[in-house]
Number of protein chains: 2
Amino acid sequence: MMSEFNSKIRVLLVDDNYDHLMGVRELINLENDIDVVAAATNANIALNLIKKYQPSIVLMDMNMPEKDGLTAIQEIEKMKSNVKVIALTAYDDSDLIFRAMKVGAKGYILKTMASSQLIRAIREVSQGKIYLPQGLTTGFFEYFQQSFKDEAKAQTAADSLLSELTSREEEVLDMLTQGHNYKDVANLLFISETTVKTHVNNIFQKLQVNDRTQAVLYALNNGFVSKRKQRAAVG
Amino acid sequence: MMSEFNSKIRVLLVDDNYDHLMGVRELINLENDIDVVAAATNANIALNLIKKYQPSIVLMDMNMPEKDGLTAIQEIEKMKSNVKVIALTAYDDSDLIFRAMKVGAKGYILKTMASSQLIRAIREVSQGKIYLPQGLTTGFFEYFQQSFKDEAKAQTAADSLLSELTSREEEVLDMLTQGHNYKDVANLLFISETTVKTHVNNIFQKLQVNDRTQAVLYALNNGFVSKRKQRAAVG
DNA sequence: TTTAATCTAATCCTTAGGGTTTAGATTTTG
DNA sequence: CAAAATCTAAACCCTAAGGATTAGATTAAA
């Protein structure tokens with residue numbers, strides 16, 4: 001797979017199960033382009049070993065007592081080494097996969113999968129690719145898309161109220177969502193403060209809220225910001 | 001691939017380029033398990049054809065004048081048919097891929113890819129899977145992870161100020177981010193209104209803001225909400 | 001061309017919100 | 001145990017914010 005003259009892929013294993021740790025070690029060492037340079041049975045040790053051995057790949061078990069894999073990945077990402085983490089679990093949990101990828105995992109595989117999958121994942125990830133087995137990819141995307149559906153729904157439903165605002169009222173609300181008080185808004189829009197108040201009161205009526213904070217919250221929770229950013233992106 | 005006795009995969013093509021439309025049509029019709037049941041050169045026509053022909057797959061060009069592919073996908077998803085959309089573009093744009101998947105595309109391929117990829121995508125997506133070619137998957141995830149990095153950064157940076165809040169102050173701020181006024185907060189926390197004011201003033205000092213709205217905005221923009229939800233999820 | 005909507009603004013009023021100080025009771029921490 | 005932090009709450013002040021009405025000027029729609 002890789003010339004002997006090139007450096008081998010350096011792997012660090014993290015798993016609280018010692019037997020599994022040793023099993024994977026044996027398995028990987030069968031490959032002549034991959035080396036297991038260290039192993040840890042908990043996340044804190046792993047963090048230190050990463051500094052010491054500078055592996056290119058970390059195989060991280062997600063299900064561990066004390067510090068869980070997810071937190072560990074986050075901390076690894078923070079330490080700005082260019083080590084790439086592949087997450088490992090026993091079961092297929094879309095939410096966990098989603099969160100692992102979110103915090104920066106470069107791959108995700110199940111312990112139940114064939115060892116060839118693991119080896120392949122290590123090789124691909126070490127080349128800078130992302131590796132997710134077919135089945136997990138689908139699970140991930142279902143979760144991914146679901147997490148945006150609520151957002152989209154909120155926007156559509158809320159349009160009924162936000163769409164009642166006039167363009168001037170939108171401008172005023174926009175200012176409010178930036179934390180400006182009435183005097184500021186008046187100055188920024190070159191109108192009097194009483195006019196601002198009139199607009200704001202109309203906004204309250206239309207959005208069915210009682211105060212500035214509620215209006216801002218309504219705007220933020222119902223896609224008003226994205227609307228604004230959309231305009232900004234266009235212009 | 002599929003028994004003749006089963007119904008064929010019904011595909012609708014959408015592309016403003018007529019030549020490309022016909023090319024793909026010929027290509028797909030070579031497969032005996034897939035049928036092109038209709039074709040449209042713009043998104044609006046496509047929406048009507050979906051209702052009429054009820055395809056199982058839509059091949060949607062992203063780059064079209066008038067109504068673009070992204071908007072079209074959103075509208076298709078809204079109409080609650082169980083048609084699955086595969087997005088098509090000429091170039092590899094991670095942002096576009098991300099947004100297409102976000103609004104519900106079940107697959108994404110480039111026009112420059114081998115036809116076998118397209119056929120494979122159609123078959124897999126029609127089976128309920130998500131199909132992204134290897135290279136695009138990596139691009140997607142890079143974009144995906146990047147989009148969360150800013151969020152994470154904001155949280156860490158802001159922790160310096162939010163972390164100065166006492167637990168009671170956090171509770172009060174929490175109430176404020178739900179749109180409650182001081183009287184409400186007092187009732188909800190079983191303390192006097194003046195106590196609430198004291199807490200709020202301390203919050204203002206610590207967050208370096210001037211009013212309630214700004215405090216709420218600060219909280220929302222700096223990961224305070226997720227912190228709250230985190231606790232809720234644990235308990 | 002009227003009618004309706006929008007943007008502007010004033011006046012008047014009331015209260016909620018914001019600022020400061022002081023202080024007792026409780027809890028945490030060195 | 002003593003010191004520090006936290007939670008509680010009062011009294012005081014003052015202005016910004018919220019509510020209502022009225023109305024002129026401009027603009028869009030019937």
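In what follows, chains are A, B, ... by sequence order, proteins preceding strands, each numbered from 1. Hydrogens, waters and symmetry mates are skipped; everything else that's a heavy atom, side chains included, is used.
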* Qualifying side-chain hydrogen bond (donor to acceptor under 3.5 Å, both in side chains) pairs with a residue from residues 10-25 of chain A, counting only residues at least two apart or across chains -> A/Asp15-A/His20, A/Asp15-A/Lys111
* In whole angstroms, how far is the C1' atom of D/dA5 from the CG atom of B/Leu165? -> 14 Å
* To do: Ignoring hydrogens and angles, tell me if any N or O in the side chain of B/Asn42 forms a donor-acceptor pair with the backbone of B/Asn44 under 3.5 Å.
  => yes
* Asked: When you measure from every atom of DNA chain D, which of residues 187-199 of chain A have a heavy atom less than 4.0 Å away?
  -> A/Lys197
* To do: Write down the distance between CD (A/Glu171) and P (C/dT6), rounded to a whole number of angstrom.
  => 14 Å
* Under the side-chain contact (heavy atoms from CB on, under 4.5 Å) criterion, do B/Leu161 and B/Asn222 qualify, and how do the steps go? -> CA-CA 10 Å; B/Leu161 290 182; B/Asn222 297 101; over 6 Å; no
* Of the residues in residues 200-213 of chain B, which ones touch DNA chain D at a heavy-atom distance under 4.0 Å? -> none
* Asked: So does B/Thr166 get a side-chain nitrogen or oxygen closer than 4.0 Å to the phosphate oxygens (OP1/OP2) of C/dT27?
  -> no
* **A/Glu171/A/Arg168 salt bridge by N-O under 4.0 Å criterion** => yes
Show every donor-acceptor pair shorter than 3.5 Å between a side-chain atom in residues 205-217 of chain A and any protein atom, with sequence neighbours excluded, or say none if there are none.
| residue | atom | partner | partner atom | Å |
| --- | --- | --- | --- | --- |
| A/Lys206 | NZ | A/Glu164 | O | 3.0 |
| A/Lys206 | NZ | A/Glu169 | OE1 | 2.9 |
| A/Lys206 | NZ | A/Glu169 | OE2 | 3.4 |
| A/Asp211 | OD1 | A/Thr213 | N | 3.2 |
| A/Asp211 | OD1 | A/Gln214 | N | 2.9 |
| A/Asp211 | OD2 | B/Arg212 | NH2 | 3.4 |
| A/Arg212 | NH2 | B/Asp211 | OD2 | 3.4 |
| A/Thr213 | OG1 | B/Thr213 | OG1 | 3.1 |
| A/Gln214 | OE1 | A/Asn210 | N | 2.9 |
| A/Gln214 | NE2 | B/Gly179 | O | 2.7 |

* To do: Rounded off to whole Å, could you give me the CG-to-P distance for the B/Leu176 and C/dA16 pair?
  => 16 Å
* Given side chains that start at C-beta, do those of A/Leu189 and A/Val196 come closer than 4.5 Å, heavy atoms only? -> no
* Between C1' of C/dG17 and CG of B/Leu173, the distance in whole Å -> 16 Å
* Asked: With sequence neighbours left out, which residue pairs that include part of residues 68-89 of chain B fulfil the ring pair (Phe, Tyr, Trp, His ring centres under 6.0 Å) condition?
  -> none
* Asked: Roughly, in whole Å, what's the span from NE2 in B/His180 to C1' in C/dG17?
  -> 17 Å
* Structure fact -> side-chain hydrogen bond (donor to acceptor under 3.5 Å, both in side chains) filter on A/Thr89, not counting sequence neighbours, yields A/Tyr108
* Rounding to a whole Å, what distance do you find between A/Glu169:CD and C/dC7:C1'? -> 10 Å
